[in-house]
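The sequence lines fix the lettering, A, B, ..., with proteins before strands; numbering per chain opens at 1.
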Amino acid sequence: MGDVDTDVPITFVDDTHKLGQFLTWLNERRTCLAVDTETEGLEFWKCGVRLIQVGDARTGWAFPWPHWAGPALAAISAYDGPIVMHNAKFDTVMIEHHAPSFTVPRAQLHDTMIMGHLVSPHTSKALKSLCTQHMGAYASSLQRALDEAMAKNRWTWATVPIEFPMYWGYGCIDTVLTARLYDILHPQVQSSYEDLYELEMATMHIVASMEKRGARVDLAYCARARDQLGEFIESATQWCLDTYGFRPGSNREVTRQLLADGVTLTKRTKSGDWALDDDVLSGLELQGNVLATTVRGVRKATKVKSTYFDNFITLHDNEVLHPSINQLGARTGRMSVNSPALQTLPRGPMVRDAFIASDDNVLVMADSDQIEMRLLAHFCRDEGLITAINSGDLHTDTARRVYGDMSIGKKDPRRQTAKNAAFAKVYMAGVDKFAATAGVSIEEARTFLSEYDRQFPGVKAFQKHVDAVAQQRFIEERQAYVTAPTGRKHVADDVRTAYKLVNYLIQGTAADVLKMQLRNLDLAGLGPYMTLPVHDEVVFDIPRSEVSELIPVISQAMNITEGWAVPITAGVDGPYERWGDKYRE
DNA sequence: GTCGCTTGCCAC
DNA sequence: AAACGTGGCAAGCGAC
């Protein structure tokens with residue numbers, strides 16, 4: 001990898017003379033003004049800003065946040081051209097939290113991280129990677145020198161001296177790189193992703209506000225749950241140690257013991273060891289194996305305690321969790337959430353009861369109905385599938401068609417098989433995987449899928465079409481990819497995995513639909529009340545006095561009847577005092 | 001002590 | 001011809 005020219009003029013602004021030079025420079029002509037910050041850490045509510053840098057493709061300026069944030073922010077406010085950041089959500093939240101009277105000019109704001117993802121969704125969107133990818137160069141030697149200096153002096157991002165030249169110099173270079181990246185990516189985005197980019201920028205502000213608002217947690221409930229789970233784990237672990245001399249968390253020891261006890265194992269892990277997952281353990285538990293029962297219990301309790309309750313207690317800020325929402329977390333355009341992973345809360349009241357409404361508020365959830373199957377129907381235009389969806393109960397109608405039995409009702413186990421088949425289609429599962437997840441024999445799975453294909457021929461035709469397009473593009477453009485209705489590009493890592501594009505198209509378009517719904521909700525005035533996106537769902541924390549008026553507004557914003565082969569419908573649940581209430585109805 | 005890999009499990 | 005997708009995260013364990 002080459003090194004970008006780092007001999008560009010850079011300045012540490014800490015006197016009025018240099019500020020004057022900066023203000024003169026600001027009047028020069030340029031394509032964009034790049035802005036960046038250096039902070040003590042990632043959490044806006046407890047980490048301060050240390051530096052704010054402003055630059056363009058040729059020059060960078062660093063302002064120590066104490067004393068000099070004011071002039072830097074005033075200059076940004078006065079600037080009337082494009083303002084670009086790499087990961088604008090982070091800097092925007094940080095700056096606005098620590099300078100409450102300042103607002104980043106929304107209409108002028110650009111984000112090279114979002115641009116980079118739209119242009120190549122399958123590669124890293126880090127500044128460093130994008131510079132290497134699009135400019136063939138990065139400030140590698142400068143970064144290495146800074147890393148070494150920080151290690152040698154045992155500095156962290158919170159303690160490295162602000163005036164240390166490599167630190168603020170690196171900060172300046174980042175703005176130069178961001179500006180240069182903008183010059184390369186913005187024209188591509190304008191010509192190929194204009195509307196989608198606008199949707200992403202709108203989404204950025206919405207999820208920034210969700211992060212700031214956060215989710216209220218009941219800490220007393222969390223502490224009680226943590227302690228109860230802790231006691232159970234403690235005693236079960238002690239029993240295991242006393243009886244066998246090892247901890248139930250050691251799969252290796254547990255497996256050795258099971259084999260010594262004469263247990264027959266058949267399932268292997270990817271690397272060839274004996275598998276000891278819940279599938280295996282539940283089988284042993286049915287045979288009365290006490291060790292299996294213990295291991296399962298400890299695993300379940302440890303998962304819930306460590307991943308959820310412990311983290312809620314550790315991460316909260318004044319009883320509020322501010323998760324990190326990665327707007328382009330997945331290659332498909334789906335969002336991901338971490339610290340804590342609020343998109344993976346176990347269903348049911350146990351963990352979700354930890355989430356309560358803010359003072360004088362109530363919780364409301366809105367989620368799309370079978371969004372992925374509706375999009376599959378949109379893509380393949382299969383008459384039968386469209387009719388089945390519009391019947392009001394897709395899976396029952398599917399089961400009736402496939403089994404040729406109109407007496408099948410909502411509680412018939414064959415409906416669940418039909419539901420599993422829907423997911424098998426969306427994920428491109430084969431007969432074996434479908435049989436395993438649906439819990440039916442290979443033979444029944446085979447029969448079901450072939451009858452499914454006869455009933456809904458458009459589904460297989462669509463899958464074949466996606467593959468044909470991908471194969472053709474691989475030959476002509478050396479890249480297997482497809483383009484979604486929103487213009488989002490989906491790229492396969494390899495021609496051999498081109499089959500995944502069917503899933504990317506469906507999952508990615510579902511993500512686009514959610515972002516459209518978020519934008520609708522924001523436009524309808526729900527912006528201040530949204531707290532979390534969950535792939536096909538939005539969580540709200542709404543003033544109690546406004547719920548009855550707002551529920552129809554939410555419904556209106558989530559339901560999309562125009563533009564798709566079947567309507568995109570959504571349901572609204574609540575109001576609730578706790579998230580867990582949803583599972584008690 | 002930190003890092004990376006493996007295995008397993010939570011969600012949609 | 002055949003192929004379940006996308007994430008976050010914890011514990012165990014060996015390597016550095």
For [N], does either OP1 or OP2 sit under 4.0 Å from a side-chain N or O belonging to [X]?
| X | N | answer |
| --- | --- | --- |
| A:Asn311 | C:dA10 | yes |
| A:Tyr504 | C:dT6 | yes |
| A:Arg252 | C:dG14 | yes |
| A:Ser306 | C:dA11 | yes |

Measure from the side-chain heavy atoms of [X] and tell me the nearest of [options].
| X | options | answer |
| --- | --- | --- |
| A:Ser250 | C:dG5, C:dG12, C:dC4 | C:dG12 |
| A:Thr437 | C:dG8, C:dT6, C:dC4 | C:dC4 |
| A:Ser336 | C:dG7, C:dC4, C:dC13 | C:dG7 |
| A:Asp467 | C:dC9, C:dG7, C:dA2 | C:dA2 |

Ring-on-base stacking C:dA3 with A:Tyr499 (under 5.5 Å, under 30°): no
Salt-bridge criterion met for [X] and [Y] (N-O under 4.0 Å):
| X | Y | answer |
| --- | --- | --- |
| A:Lys500 | A:Asp493 | no |
| A:Arg247 | A:Glu253 | no |
| A:Arg488 | A:Asp512 | yes |

pair A:Glu585-A:Tyr576: side-chain heavy atoms closer than 4.5 Å: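 In contact.
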Along DNA chain B, first and last positions that approach a heavy atom of chain A under 4.0 Å: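 In short, chain A contacts DNA chain B from B:dT6 to B:dC12.
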For [X], answer base if it contacts any base atom (sugar-phosphate contacts may also be present), sugar-phosphate if it contacts only those atoms, and nothing otherwise; contact means non-hydrogen atoms under 4.0 Å.
| X | value |
| --- | --- |
| A:Leu345 | sugar-phosphate |
| A:Ser339 | sugar-phosphate |
| A:Ala429 | base |

Over 12 foreign heavy atoms within 6.0 Å of NZ, A:Lys419: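 Counting other residues, nucleotides and ligands, NZ of A:Lys419 stays at 12 neighbours or fewer.
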Atom CE of A:Met150 with >12 non-hydrogen neighbours under 6.0 angstrom: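 Enclosed.
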Earlier contact from the 5' end, DNA chain C, for A:Gly430 and A:Val337: A:Gly430
Nearest-Å distance for atom pair NZ/P, residues A:Lys303 and C:dG12: 14 Å
Pairwise salt bridge (Lys or Arg N to Asp or Glu O under 4.0 Å) hits with a residue in residues 424-440 of chain A, at least two apart: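 For residues 424-440 of chain A, and leaving out neighbouring residues, the salt bridge (Lys or Arg N to Asp or Glu O under 4.0 Å) pairs sorted by first residue read A:Lys425-A:Asp453.
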Least distance between heavy atoms, A:Arg578 atom then A:Asp218 atom: NH2-OD2, 2.9 Å
Nucleic acid contacts - residues 442-460 of chain A versus DNA chain B, non-hydrogen atoms under 4.0 Å: none
